Amino acid sequence: MAEPLPIAVLISGTGSNLKAILDCITEGNLNVCVKGVIASRPEAKGLQYANDLHIPTLSLNKDIYQDPLQADSVILTTLQEWGVDYVVMAGYMRKVTPLLLNAFPDRVVNLHPSLLPSFKGAHAIYDAFDAGVKVTGVTVHFANEEYDKGPIIAQEPVRIEEQDTLESLEKKIHAVEHELYPRVLAQLAAGALYIGEDRKVHHG
Ligand code: GRF
């Protein structure tokens, strides 16, 4: 078995996806090592999951994000100290700057709760529900300078049924996220994905 893939997870809120990743690792189903967790808000609930496992954390606050480059410079120094190969955004509500993207080319991944390119932005689940679409879903993609627009790694559909409410749809989306994100990380850890000259993600 290869060495576990060293990653950092970036969060802003509840961290249920961080928890799903940590649970898979604990259960021996994911060959990944979370070297640290970075939160854009000191009160991010998800920090507790890292603390419980004695995983190093870095908490930032809105003052430092007034200069996004300064925030990313602090983040970059920390990531380099932790020695990570991939930066995994899981509900991280700040945009990453070229400073970070250039330091980790095609190694910053993001999770988005819609089938991109539909419903970009911070309210994707609500926007899909409000639009009355019958199928939405979850996307994992590499991040680039354009918000929610980098090469798509994986997508899973979620049907919106007649009886669904916004709350029930959110639950269905999160359940799919918690399964899809660890699965993609396993593929990255196995070196099973690459970006071709067409800038599309391929398996092999
Ligand atoms: C997820 O729905 C993710 O797709 C979106 O933010 C949410 C984060 O949830 N970007 P959590 O903090 O992992 O619980």
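All heavy atoms count here, side chains included; hydrogens, waters and symmetry mates do not. What you are looking at is a predicted structure, and each value in this text was computed from that prediction instead of being measured. Order of appearance sets the numbers: ligands from 1, and atoms from 1 within every ligand.
With sequence neighbours left out, the ring-ring contact (aromatic ring centres under 6.0 Å, His included) criterion links H123 to no other residue. The side chain to side chain donor-acceptor pair (under 3.5 Å) check on R199 picks up D106, with sequence neighbours excluded.
Using a cutoff of 4.0 Å between basic side-chain nitrogens and carboxylate oxygens, E161 and R159 are not scored as salt-bridged. Ion pairing between a basic and an acidic side chain is recognised when a charged N comes within 4.0 Å of a carboxylate O; K120 and E146 show no such pairing. Salt-bridge formation is not detected for the pair E167/K171: no Lys NZ or Arg NE/NH1/NH2 atom is positioned less than 4.0 Å from an Asp or Glu carboxylate oxygen.
Looking from atom 8 (C) of ligand 1 to the surrounding protein, the closest heavy atom is G91 CA, 3.5 Å. Protein heavy atom nearest atom 12 (O) of ligand 1, with residue, atom name and distance: G15 N, 2.8 Å. Among protein heavy atoms, the minimum distance from atom 9 (O) of ligand 1 is reached at N17 ND2, 3.7 Å. For atom 2 (O) of ligand 1, the nearest non-hydrogen atom of the protein is E177 OE2, 2.9 Å. Taking atom 10 (N) of ligand 1 as the reference point, the nearest protein heavy-atom neighbour is L111 O, 3.4 Å.
Of the listed options A20, G46, A44, S16, S16 places a heavy atom closest to atom 11 (P) of ligand 1.
Neither the backbone nor the side chain of M93 comes within contact range of ligand 1; no heavy atom lies under 4.0 Å.
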Derivation of the side chain to side chain donor-acceptor pair (under 3.5 Å) call for S16 and H178: CA-CA 8 Å; S16 67; H178 298 162; 2.8 Å; yes

